[in-house]
2 protein chains.
Amino acid sequence: MTGTRWLSTDEERAWRAVRRLLTVVPSRLARDLNQLGLSTADYEVLSTLSEKPDRRWGLKDFAEKMQWSRSRLSHHAARMEARGLIEREPDPSDARGSIYHLTDQGFEILAEAAPGHLDSVRGRFIDHLSADELAVLERISTRIADLPD
Amino acid sequence: MTGTRWLSTDEERAWRAVRRLLTVVPSRLARDLNQLGLSTADYEVLSTLSEKPDRRWGLKDFAEKMQWSRSRLSHHAARMEARGLIEREPDPSDARGSIYHLTDQGFEILAEAAPGHLDSVRGRFIDHLSADELAVLERISTRIADLPD
DNA sequence: GGATTTTCTTTGACACGTCAAAGAGCGTAG
DNA sequence: CTACGCTCTTTGACGTGTCAAAGAAAATCC
């Protein structure tokens with residue numbers, strides 16, 4: 001064991017607060033989104049797909065872009081396909097590959113859910129921060145997230 | 001639909017960064033903890049239990065304290081009991097109730113994992129923030145988490 | 001060109017969380 | 001004291017994520 005330094009009182013209090021943030025924000029956004037008929041994961045898949053000009057994506061790159069494991073994406077895509085939100089076709093240029101694309105229905109559902117989700121992000125997060133705070137938060141977030149894995 | 005305001009460029013960039021923080025930090029801490037043989041949930045249960053002087057807690061209050069659903073805690077406790085980390089007994093004062101307490105093994109395992117987890121929190125988060133930043137972050141986190149559900 | 005290794009997606013088994021329902025005891029109103 | 005409603009914990013079904021292994025096609029090496 002390395003020489004462990006315990007947390008100071010300030011650090012401890014701050015860490016407890018941050019831990020709460022880390023649970024509470026995602027769970028509230030998820031709840032709001034559920035009322036629109038989508039899980040957070042669904043929403044991410046749909047919006048990531050829709051950001052690509054042609055709205056199609058091979059699993060490998062798609063998973064990488066989303067920072068998901070391929071297995072996770074494959075599982076989730078299977079479920080979304082069953083619901084008619086996306087479709088898979090074999091990749092003509094590589095017979096091992098699968099290509100995912102949005103169905104019209106998937107696109108519509110995303111379009112319906114997006115404004116509500118945006119309100120949710122505002123109402124549960126962004127609108128409660130000053131521009132300065134948001135800037136600090138972005139710097140911190142980027143720095144931490146960019147640490148080596 | 002309410003008059004939806006889209007995100008400004010700054011807000012959008014900041015929100016993307018924060019979203020990344022929200023996924024990446026918990027997942028790294030979870031990974032570190034897994035290597036010590038515990039899930040994040042396990043660790044929370046053990047440490048919450050151990051913080052109580054007598055190390056015993058009835059499910060209802062325990063769940064409330066942890067902000068977990070009773071069902072979730074009951075399920076998770078069943079799994080942890082099977083692993084010998086905690087035990088349940090009937091509540092003598094209310095025959096519907098269940099009382100949870102740490103086993104010696106559970107306490108030992110927590111004691112072994114705690115320093116490593118602490119290093120992890122430092123190395124993946126706290127040590128990369130100045131005292132000022134940590135203070136801002138605590139204020140923000142508290143404010144956001146305390147919003148009405 | 002044929003064998004071997006690598007890459008890619010899917011599948012299966014399992015741990016986890018949620019929601020709804022079941023099962024049992026408590027509390028109270030009459 | 002009995003019947004009703006309320007509260008408590010557990011259970012079951014299901015959607016989800018992870019990890020390991022299977023199955024198939026490419027790429028590489030001789």
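Here is how names work: the chains are called A, B, and so on, in the same order as the sequence lines, proteins then strands, and each is numbered from 1. This is a predicted model, so every value here is computed, not measured.
A search for ring-ring contact (aromatic ring centres under 6.0 Å, His included) contacts involving Phe107(A) returns nothing, not counting sequence neighbours. Under the ring-ring contact (aromatic ring centres under 6.0 Å, His included) criterion, Tyr100(B) pairs with no residue, sequence neighbours left out. Remark: Ser141(B) engages Ala17(A), Val18(A), Leu21(A), Leu137(B) in a side chain to side chain contact (heavy atoms under 4.5 Å, CB included) (not counting sequence neighbours). The side chain to side chain contact (heavy atoms under 4.5 Å, CB included) search around Asp104(B) returns none, not counting sequence neighbours.
Leu33(A) and Val25(A) are assigned to two separate hydrophobic clusters, defined by single-linkage of ILVMFWY side chains at heavy-atom distances under 4.5 Å. Connection of Leu38(A) to Leu22(B) is not established within any shared hydrophobic cluster, with ILVMFWY side chains joined at heavy-atom distances below 4.5 Å, either directly or through further cluster members. In the hydrophobic clustering of ILVMFWY residues, with side-chain heavy atoms under 4.5 Å counting as a link, Val45(A) and Val121(A) come out apart.
Residue contacts shown for Arg83(A) are absent, as no nucleic acid heavy atom lies under 4.0 Å away. Nucleic acid contact class of Phe62(B) (heavy atoms, under 4.0 Å, all strands): none.
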I'd like to compare against my own output: the B/S/- annotation of nucleotides 23-28 of chain D with a strict under-4.0 Å heavy-atom distance to protein. --BS--
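Computed from coordinates, the Arg79(A) CZ to dT18(D) C1' distance equals 12 Å when rounded to whole Å. Between the C1' atom of dG17(D) and the CZ atom of Arg31(B) lies a distance of 15 Å, rounded to the nearest Å.
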Quick one: side chains of residues 59-77 of chain A, donor-acceptor pairs under 3.5 Å with protein atoms, not counting sequence neighbours, listed by atom name and distance.
residue: Ser69(A); atom: OG; partner: Arg72(A); partner atom: N; Å: 2.9
residue: His76(A); atom: ND1; partner: Arg79(A); partner atom: NH2; Å: 3.3
residue: His76(A); atom: NE2; partner: Asp42(A); partner atom: OD1; Å: 2.6

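Over its full length, the helix from dG1(C)-dC30(D) to dG30(C)-dC1(D) turns its helical axis through 0°, comparing axes from the five pairs at each end and rounding to 10°.
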Run Arg28(A) and Arg31(A) through side-chain contact (heavy atoms from CB on, under 4.5 Å) and show every step you take. CA-CA 5 Å; Arg28(A) 287 176 187 161; Arg31(A) 191 144 36 78; 3.8 Å; yes
Might you work through the side-chain contact (heavy atoms from CB on, under 4.5 Å) test for Leu29(B) and Thr40(B), ending with a clear yes or no? CA-CA 8 Å; Leu29(B) 294 179; Thr40(B) 302; 5.5 Å; no
Kindly indicate, with the supporting measurements, whether the criterion side-chain contact (heavy atoms from CB on, under 4.5 Å) is fulfilled by Leu46(A) and Ile86(A). CA-CA 8 Å; Leu46(A) 293 179; Ile86(A) 64 174; 4.2 Å; yes
Apply side-chain contact (heavy atoms from CB on, under 4.5 Å) to the pair Glu112(B) and Leu36(B), showing each step before the final yes or no. CA-CA 8 Å; Glu112(B) 280 164 24; Leu36(B) 305 173; over 6 Å; no
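A 4.5 Å side-chain heavy-atom check between Leu85(A) and Ile109(A) finds at least one atom pair inside the cut-off.
Taking every heavy atom of residues 32-56 of chain B and every atom of DNA chain D, no pair lies under 4.0 Å. Less than 4.0 Å separates DNA chain D from at least one heavy atom of each of the following residues of residues 66-76 of chain B: Arg70(B), Ser71(B), Ser74(B), His75(B).
For DNA chain C, the contact window with chain B, defined by any atom under 4.0 Å from a protein heavy atom, covers dC16(C) to dC26(C) in 5' to 3' order.
Residue-to-nucleotide proximity on DNA chain D shows that, of Lys60(B) and Ala78(B), the 5′-proximal contact is made by Lys60(B).
Under the salt bridge (charged side-chain N to carboxylate O under 4.0 Å, His left out) criterion, the residue pairs touching residues 130-142 of chain A are Glu133(A)-Arg139(B), Glu133(A)-Arg143(B), Glu138(A)-Arg13(B), Arg139(A)-Glu133(B), with sequence neighbours excluded. Applying the salt bridge (charged side-chain N to carboxylate O under 4.0 Å, His left out) test to pairs two or more places apart or on separate chains, those with a residue in residues 14-26 of chain A are Glu12(A)-Arg16(A), Arg16(A)-Glu51(B), Arg20(A)-Asp146(B).
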